[in-house]
Asks: 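After the structure tokens below, expect a handful of questions from me.
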Amino acid sequence: TAGDKLSAVTFNAGVKDPLNFLLDPPRCEVAMTANTAITSSLTLGTWDNEITDNDNMHNTASQQSRIVIQTPGRFLFYISTFMSSATYTQYDINLRINSGGSAAGGSSVRTWSVGSPGGASRQITLSGSRYMPTTTDYFELFVATTPNGNLTGGLGVFATGMQVIWKSLT
């Protein structure tokens with residue numbers, strides 16, 4: 001209250017805890033460890049490697065495709081995909097919310113479409129997609145190529161993976 005001296009307990013609760021939260025905000029970084037065949041139909045990405053998860057947003061035992069929001073706020077998404085065989089003419093990446101593992105389920109947050117790189121392998125890194133979900137909303141990533149291709153895994157989040165980082169309350 002006003003006029004009271006600042007005690008260690010009050011400092012910890014009022015200053016230290018929020019500062020620690022801002023220094024280490026909720027985040028999750030996941031990746032594929034094996035190559036995944038991609039078809040012209042949207043294929044669900046599954047994340048079997050956790051690089052960082054300080055807010056229990058990902059489960060490596062079940063529903064590996066999901067990043068589940070545990071803390072209210074605005075989140076920033078970084079998505080990285082590496083297509084090892086780039087003979088495709090169209091490459092689509094679709095981030096969906098609450099889709100239940102179905103490319104037709106839930107709602108599309110954003111879709112990115114990329115044309116052919118002319119036969120070379122292609123790394124695509126996407127960032128800046130900000131979204132303000134509610135707690136327990138979850139995100140899944142779907143990828144399609146025309147014609148079929150392979151997403152490369154095994155190189156950590158820098159090959160094919162996703163990072164979700166808490167940015168602000170509003």
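Bear in mind the structure is a predicted one, so any value in this text is a computation, not a measurement.
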Asks: Does the side chain of Val68 come within less than 4.5 Å of His58's, by heavy atoms?
Replies: no
Asks: Can Tyr91 and Thr81 be said to form a side chain to side chain donor-acceptor pair (under 3.5 Å), step by step?
Replies: CA-CA 10 Å; Tyr91 184 10; Thr81 58; 2.6 Å; yes
Asks: May I ask you to decide if Thr46's main-chain N or O and Gln64's side chain share a donor-acceptor pair within less than 3.5 Å?
Replies: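 Not at all, since once roles are kept as given, no pair shorter than 3.5 Å links the two residues.
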Asks: Can you tell me how far CE of Met162 sits from OG of Ser80, rounded to the nearest 0.5 angstrom?
Replies: 11.5 Å
Asks: Between Phe77 and Phe139, does the ring centre distance come in under 6.0 Å?
Replies: yes
Asks: In Å and rounded to the nearest 0.5 Å, what is the CE to CD distance from Met57 to Glu29?
Replies: 10.5 Å
Asks: Rounded to the nearest 0.5 Å, how far apart are CZ of Arg96 and CG of Leu141?
Replies: 11.0 Å
Asks: Does Asn49 use its side chain to pair, donor to acceptor, with the backbone of Ala31 at less than 3.5 Å?
Replies: no
Asks: Minimum heavy-atom separation for Asn59 and Glu50, please, with both atom names.
Replies: N-OE2, 4.1 Å
Asks: I need the minimum non-hydrogen distance between Pro72 and Leu169, along with the two atoms involved.
Replies: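 Closest approach of Pro72 to Leu169, heavy atoms only: O-CD2, 4.1 Å.
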Asks: Is there a side-chain contact between Arg27 and Thr52 (heavy atoms, below 4.5 Å)?
Replies: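 Yes, their side chains come closer than 4.5 Å.
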Asks: When you measure from the side chain of Asn54 to the backbone of Pro25, do you find a donor-acceptor pair of N or O atoms at a distance under 3.5 Å?
Replies: yes
Asks: Ring centres under 6.0 Å, that's the criterion: do Phe21 and Trp166 meet it?
Replies: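 Aromatic pair counts; centres sit under 6.0 Å.
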Asks: Could you list all the salt bridge (Lys or Arg N to Asp or Glu O under 4.0 Å) pairs where at least one residue sits in residues 131-140, not counting sequence neighbours?
Replies: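 For residues 131-140: Arg66-Glu140.
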Asks: Donor-acceptor pair, Ser113 side chain versus Thr111 backbone, under 3.5 Å?
Replies: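 No, the answer is negative, given that no donor and acceptor are paired below the 3.5 Å cut-off.
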Asks: Backbone N or O of Gly106 within a donor-acceptor pair of the Asn98 side chain at under 3.5 Å?
Replies: no
Asks: CD1 of Ile67 to CD1 of Ile97: how many Å apart, nearest 0.5 Å?
Replies: 12.5 Å
Asks: Starting from Phe142 and following side-chain heavy-atom contacts under 4.5 Å between hydrophobic residues (I, L, V, M, F, W, Y), which residues can be reached?
Replies: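 Joined to Phe142, directly or through intermediates: Leu42, Leu44.
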